[in-house]
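To start, the structure itself, in structure tokens.
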Amino acid sequence: MISAEAAIFMGRTYLGTSYEELDCINFIKKVIRTAPGGDKNYTTAGTNDLWNSDSKSAKYRDLTWKKEGISGAKAGMLAFMGVDTGDVNHTGLVTERGTVLHSSKSRGCVVETELTEKRGWN
């Protein structure tokens, strides 16, 4: 199992990596594959599959915060956008700073931004 600290450390090593190289789901897959305790063969078809993966395998269940809203999200968990629409379309990694690491299409790279509902995280 990946520790929150290891996932966040690994995630931060990709800051600035272009969106074309690592979109949001591939950023999360890369962290899971390369962080100590991860699974080098981990794969998922996309953000909807990642959102639903806890029902298929307990291995990453603790990473997914399955509550509406962001209150209670802890460092190392995954945050999602689009949950309330039925089409989960973006994901990122919650940090100990109350921020989220994610690959932003609009910013063109992996960034660390504030984890707020106002920004679309839910």
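Sequential numbering from 1 along the given sequence is applied to the chain's residues.
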Hey, could you give me the [atom1]/[atom2] distance between [X] and [Y], rounded to the nearest 0.5 Å?
X: K105; Y: E20; atom1: NZ; atom2: CD; answer: 9.0 Å
X: E112; Y: R97; atom1: CD; atom2: CZ; answer: 5.0 Å
X: L101; Y: T91; atom1: CG; atom2: OG1; answer: 11.0 Å
X: F27; Y: S104; atom1: CZ; atom2: OG; answer: 12.0 Å
X: K29; Y: D23; atom1: NZ; atom2: CG; answer: 7.5 Å

Does some side-chain heavy atom of [Y] sit less than 4.5 Å from a side-chain heavy atom of [X]?
X: T95; Y: V100; answer: no
X: V110; Y: L15; answer: yes
X: H102; Y: L93; answer: no

A4 versus G76, closest heavy-atom pair with distance: CB-CA, 3.7 Å

Heavy-atom closest contact (A79 atom, V94 atom, distance): CB-CG2, 3.9 Å

Partner residues of A6 under the side-chain contact (heavy atoms from CB on, under 4.5 Å) criterion, sequence neighbours left out: I2, S3, P36

Non-neighbouring partners of Y19 that pass side chain to side chain donor-acceptor pair (under 3.5 Å), sequence neighbours left out: none

With sequence neighbours excluded, residues passing salt bridge (Lys or Arg N to Asp or Glu O under 4.0 Å) with E21: none

Main-chain N/O of K30 paired to T34 side chain as donor or acceptor, under 3.5 Å: yes

Heavy-atom donor-acceptor pair, S103 side chain to L22 backbone, under 3.5 Å: yes

Y14 with L78, same ILVMFWY side-chain cluster at under 4.5 Å: yes

